[in-house]
Amino acid sequence: MKILYFAWLRTKIGAGSEEVTPPAEIEDVGGLIDWLKGRGGGYAEALDDLSLVRVAVNQEHVGLDHPVKAGDEVALFPPVTGG
Amino acid sequence: MIRVQEEDFDVGAEIAALVRGNHEIGGVVTFVGLVREVTGGAPIAAITLEHYPGMTERGLAKIEAEAHQRWPLSASLIVHRCGRLEPGERIVLVITASAHRRAAFEACEFLVDWLKTKAPFWKLEETGEGGRWVEARHADAAAAERWTKG
């Protein structure tokens, strides 16, 4: 599974993307985020307030209950500020 | 048509290219977004626009298709710049063309509201005190929300 981080999530976590293999029991976005937070450090700081985190799976906006599986592209980013 | 690019765009040339040869068009509405120097706090020296390559283009193409379903548009163009931009520079261009003005006005506003709230772009402001990520505005979310009612 590929995870992408943008804007201040990228700077806090210290990477723009990474390949991860979460444990099999992780089935949705919420579970994946909890697992990433468990790594501590920049992950815990970046993912502390989920009201400031938006998620896309395979380039579509989704909620925390959206399923995730091996091979997915998951992106975590703050609310967008383009335009 | 949609484009994400670092280069500037020429508004007149883009309009001319979009409508060329299409004589059913009776009205063209253009929105040009510029980088503001002051956004509430200290003046900014520049912004850097980060985006999500792939999802950005896909999202823009999808919302453009939706605008064509909702309004009788003859042609449209969305150009969004990325990278480092200084105050006064053009950042986004939305052009909608239709036989009649109302569809063009409404579709243009719909597209800009969507860009502000859903297109995966993030602005980093450079000020004298370093870089600062711009926070999303509630007013933008409210503006986009009205298109989902009714």
Side-chain angles (χ1 to χ4, degrees), chain A residues 1-20 28-30 32-33 36-37 41-83, chain B residues 4 31-36 39-40 47-63 78-83 85 90-94 108-125 130-141 143-144:
Chain A
M1 182 184 298
K2 186 179 188 183
I3 309 194
L4 304 172
Y5 307 102
F6 292 98
W8 53 257
L9 275 113
R10 173 176 56 73
T11 55
K12 282 185 177 171
I13 287 169
S17 71
E18 62 178 325
E19 282 291 336
V20 299
D28 63 15
V29 169
L32 178 67
I33 288 176
L36 289 169
K37 270 164 91 167
Y43 290 93
E45 194 194 335
L47 300 168
D48 176 50
D49 182 356
L50 291 188
S51 72
L52 299 176
V53 177
R54 300 291 178 269
V55 185
V57 172
N58 299 327
Q59 305 189 354
E60 296 282 350
H61 290 279
V62 300
L64 294 176
D65 58 351
H66 192 278
V68 292
K69 59 184 186 312
D72 279 348
E73 178 176 297
V74 180
L76 303 177
F77 46 81
V80 304
T81 54
Chain B
V4 178
F31 174 85
V32 180
L34 304 177
V35 179
R36 273 200 310 266
T39 58
I47 62 166
T48 299
L49 266 159
E50 180 170 331
H51 77 294
Y52 181 173
M55 182 174 173
T56 307
E57 291 83 354
R58 191 170 151 162
L60 292 177
K62 206 169 143 186
I63 201 67
I78 304 171
V79 182
H80 206 304
R81 294 179 68 192
C82 57
L85 301 172
R90 285 175 283 271
I91 178 169
V92 63
L93 170 67
V94 178
C108 188
E109 209 173 0
F110 165 79
L111 289 170
V112 175
D113 284 344
W114 186 90
L115 284 173
K116 286 274 185 191
T117 54
K118 293 285 185 188
F121 286 97
W122 301 273
K123 289 188 186 115
L124 177 69
E125 293 178 344
R132 178 181 63 200
W133 291 100
V134 175
E135 287 178 27
R137 296 175 65 238
H138 293 296
D140 289 334

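All figures in this text were calculated on a predicted structure; none of them were measured in a lab. Per chain, numbering begins at 1; letters A, B, ... match sequence-line order.
- To the nearest 0.5 Å, atom CZ of residue A:F77 and atom NE2 of residue B:H51 are 13.0 Å apart.
- Neither the backbone nor the side chain of A:R54 comes within contact range of chain B; no heavy atoms are under 4.5 Å apart.
- Contacts between A:L52 and chain B at a heavy-atom distance below 4.5 Å are absent for every atom of the residue.
- The minimum heavy-atom distance between A:T81 and B:A136, with the atom names listed, is CG2-N, 3.7 Å.
- Looking at B:V112, neither its backbone nor its side chain comes within 4.5 Å of chain A, counting heavy atoms on both sides.
- Residue contact with chain A, scored on non-hydrogen atoms closer than 4.5 Å, is absent for B:L124.
- To the nearest 0.5 angstrom, B:K62 atom NZ is 4.0 Å from A:E60 atom CD.
- Interatomic distance, B:W122 CH2 to A:L9 CG, rounded to the nearest 0.5 Å: 9.5 Å.
- Atom-to-atom distance recorded for A:F6:CZ and B:M55:CE is 9.0 Å, nearest 0.5 angstrom.
- Interface residue A:A56: only side-chain heavy atoms are found under 4.5 Å from chain B.
- Within 6.0 Å of atom CD in A:E18, more than 12 heavy atoms from other residues, nucleotides or ligands are found, so the atom counts as buried in its surroundings.
- Summarising the local packing, NZ of B:K123 is surrounded by more than 12 heavy atoms from other residues, nucleotides or ligands at distances under 6.0 Å.
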